[in-house]
Amino acid sequence: MTDHVTTHQAAEDARNEDIQIWLNGRVVPKAEAVVSVYDSGFMLGDGVWEGLRLYNGHWAFLSEHIDRLFEAAKAIDLDISLDKAGVIKALEDTRAANNMTTDAHARLMVTRGVKTRPFQHPGLSQQGPTMTIIMEHSKPSLPRPIRLATVPHIRGLPMTQDPKLNSHSKLNCILACIAAEKAGADEALMLDVNGFVNTTNACNFFIVRKGAVWTSTGDYCMNGITRQKVIDVCRADGIAVFERNYSLVDTYGADEAFLTGTFGAQTPISEIDGRQIGTGEMGEMTKHIRALYKDLVVQDAA
């Protein structure tokens, strides 16, 4: 199969050709938003990032996203050079420059900055961080549920590269995605170091079995904000939800499966390793959780 889709597939929008991008304190046209080939992010993937979603003039769960960005920066000993209020102002300045009110997605990126020489040591990054915000008109447009293939690439241990970090170093996940596409799927289902089902290359992963919602323990996956919100709304609604170890056998026998992420919220899965999941369409539990999540976004804006 070659008709691949992705969890971040969006409707084409010509306005994105003329967007304004925030770069190191200035809002500039897209064509002028360039960084040095000596930048730590380009050279080594040395940086962290955050994705945010704009709904009806409100950045969903903004404080949690900003907190996660600063926690990640602290973990890699990176000084963002702005406080949280300054980062939020930069986000709002970019939104205003693009006259965006809803159905917009922002990718906020901070690297260790420009190096004096093209080598690894962080001490060679002496000019301060590089920070940019790319904001696009972005409405999810998924023609069908996602097909997954299990790949040999795993989410690793914290002492190698902690999978909880939203780092610029995404090669492991990119290789997983390539392997899945070569297997005829859209994206990769990745296991943890113990062989239990964990996450995909781009999103967190859930299954539904006999009315209960399962996801991984969280030990080896990104600490997804949407993931946690799904767990929260399930608990508040009285839906049994478990963070647990489970195998591919459990997964193949699921009634439903879906992905979570800031962009797509809850994305249905039709097939895993050539096995149809449920009806192959979005299941009733996934639809219900989607509705609960939308209500939570509205509450967050109130």
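- Q120 CD: 12 or fewer foreign heavy atoms inside a 6.0 Å radius.
- Between the N194 side chain and the F196 main chain, no donor and acceptor come within less than 3.5 Å of each other.
- Interatomic distance, CD1 of I207 versus CD1 of I277, reported as 8.5 Å (0.5 Å rounding).
- A salt bridge does not link R68 with E71: every distance from a Lys NZ or Arg NE/NH1/NH2 to an Asp or Glu carboxylate oxygen is 4.0 Å or more.
- Counting only distance, with no hydrogens or angles, the side chain of R15 and the backbone of D13 share no donor-acceptor pair below 3.5 Å.
- No single ILVMFWY cluster, assembled from side-chain heavy atoms under 4.5 Å apart, contains both L165 and I154.
- Residues satisfying the side chain to side chain contact (heavy atoms under 4.5 Å, CB included) criterion with V5, sequence neighbours excluded, are Q9, L142, P143, R144, I146, D186.
- Looking at L191 and T150, their side chains come closer than 4.5 Å, going by heavy atoms from C-beta outward.
- A donor-acceptor contact shorter than 3.5 Å is absent between the side chain of E284 and the backbone of T286.
- Scanning both residues, V197 and L189, for their nearest heavy atoms gives CG1-CD1, 4.0 Å.
- Judged by distance alone, the side chain of K139 and the main-chain N or O of T102 form no donor-acceptor pair under 3.5 Å.
- Hydrophobic clustering (ILVMFWY, side-chain heavy atoms < 4.5 Å, transitive): W22 and F42 are in distinct clusters.
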Derivation and outcome, side chain to side chain contact (heavy atoms under 4.5 Å, CB included), residues Y252 and D273: CA-CA 8 Å; Y252 297 150; D273 296 335; 2.5 Å; yes

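- Between C221 and R227, the shortest heavy-atom distance links the atoms SG-NE, 3.8 Å.
- The distance from the SG atom of C173 to the CE atom of M222 is 11.0 Å, given to the nearest 0.5 Å.
- Proximity of a side-chain donor or acceptor of R155 to a complementary backbone N or O of T200 within less than 3.5 Å is detected.
- Between D300 and H58, some side-chain heavy-atom pair lies under the 4.5 Å cut-off.
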From CA spacing to verdict: side chain to side chain contact (heavy atoms under 4.5 Å, CB included), N201, H153: CA-CA 9 Å; N201 57 275; H153 310 79; over 6 Å; no

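- A single hydrophobic cluster is seen to contain both L82 and L52, as judged by linkage of ILVMFWY side chains at heavy-atom distances under 4.5 Å, directly or through other members.
- Between M190 and V151, the closest side-chain pair of non-hydrogen atoms falls below 4.5 Å.
- When atom types are taken as modelled, the side chain of N24 and the backbone of M131 share a donor-acceptor pair closer than 3.5 angstrom.
- Remark: K84 NZ is packed, more than 12 non-hydrogen atoms of other residues, nucleotides or ligands lying under 6.0 Å away.
- Distance OG1/T199 to CG/L259: 8.0 Å, rounded to 0.5 Å.
- Side-chain N/O atoms of S125 and S40 include a donor and acceptor closer than 3.5 Å.
- There is a side-chain donor-acceptor pair under 3.5 Å between Q228 and D232.
- Using a 4.5 Å heavy-atom threshold, the side chains of S216 and F205 count as separate.
- One N or O on the side chain of N166 and one on the backbone of W49 form a donor-acceptor pair closer than 3.5 Å.
- In this structure, H137 NE2 and E17 CD are separated by 11.0 Å, a value rounded to the nearest 0.5 Å.
- What you find for A265 and T226 is that their closest heavy atoms are O-CG2, 3.6 Å.
- Through side-chain heavy atoms spaced under 4.5 Å, either directly or across other Ile, Leu, Val, Met, Phe, Trp or Tyr residues, F61 is tied to Y55, F206, V208, V213, I225, V230, I231, V233, I239, V241, F258, M285, I289, L292, Y293, L296, V297.
- Using a cut-off of 4.0 Å between Lys/Arg side-chain N and Asp/Glu carboxylate O, K164 and D162 are scored as not salt-bridged.
- Taking the side chain as every heavy atom from C-beta outward, L108 and H65 never approach each other to under 4.5 Å.
- One finds the CG atom of N99 at 7.0 Å from the OG1 atom of T101 (value rounded to the nearest 0.5 Å).
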Candidate pair Y220 and L157, rule side chain to side chain contact (heavy atoms under 4.5 Å, CB included), full reasoning: CA-CA 7 Å; Y220 304 101; L157 291 164; 3.7 Å; yes

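- At distances below 3.5 Å, at least one donor-acceptor pair connects side-chain atoms of D255 with backbone N or O atoms of K210.
- Between I66 and E50, the closest side-chain pair of non-hydrogen atoms is not below 4.5 Å.
- Taking both residues in full, the closest heavy atoms of P129 and L78 are given as CB-CD1, 4.3 Å, listed atom of the first, atom of the second, then distance.
- Ion pairing between a basic and an acidic side chain is recognised when a charged N comes within 4.0 Å of a carboxylate O; R112 and D77 show no such pairing.
- Side-chain contact between E92 and K89 is absent, with no heavy atoms from C-beta onward closer than 4.5 Å.
- With a 4.5 Å cut-off on side-chain heavy atoms, H105 and P140 do not count as touching.
- Nearest heavy-atom pair, R290 versus P268, reported as atom, atom and distance to 0.1 Å: NH2-CD, 4.2 Å.
- E243 has a carboxylate O that lies under 4.0 Å from a charged side-chain N of R235, or vice versa, which qualifies the two as a salt bridge.
- Cluster annotation: V28 is not connected to I133 through the hydrophobic network of ILVMFWY side chains, with a link wherever side-chain heavy atoms come within less than 4.5 Å.
- Atom CZ of F70 sits in a crowded spot, with more than 12 heavy atoms from other residues, nucleotides or ligands closer than 6.0 Å.
- Closest of all the heavy-atom pairs between R147 and S270 is CG-OG, 3.7 Å.
- Other residues sharing the hydrophobic cluster of L124, ordered by chain and number and joined by side-chain separations under 4.5 Å: F119.
- With hydrogens and angles disregarded, no donor-acceptor distance shorter than 3.5 Å links the side chain of D192 to the backbone of N198.
- Few gaps surround NZ on K30; more than 12 heavy atoms of other groups in view lie less than 6.0 Å from it.
- Residues S169 and Q161 have side chains that never bring a donor and an acceptor to within less than 3.5 angstrom of each other.
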Worked check of side chain to side chain contact (heavy atoms under 4.5 Å, CB included) between S141 and E12: CA-CA 9 Å; S141 179; E12 293 295 327; over 6 Å; no

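- Here the straight-line distance linking atom CG of N204 with atom OG1 of T260 works out to 4.5 Å at 0.5 Å rounding.
- Linking Ile, Leu, Val, Met, Phe, Trp and Tyr whenever their side-chain heavy atoms come within less than 4.5 Å leaves M43 and V48 in two separate clusters.
- Side chain of R95 to main chain of M100: a donor-acceptor pair is present (N/O by atom type, distance under 3.5 Å, no hydrogens or angles).
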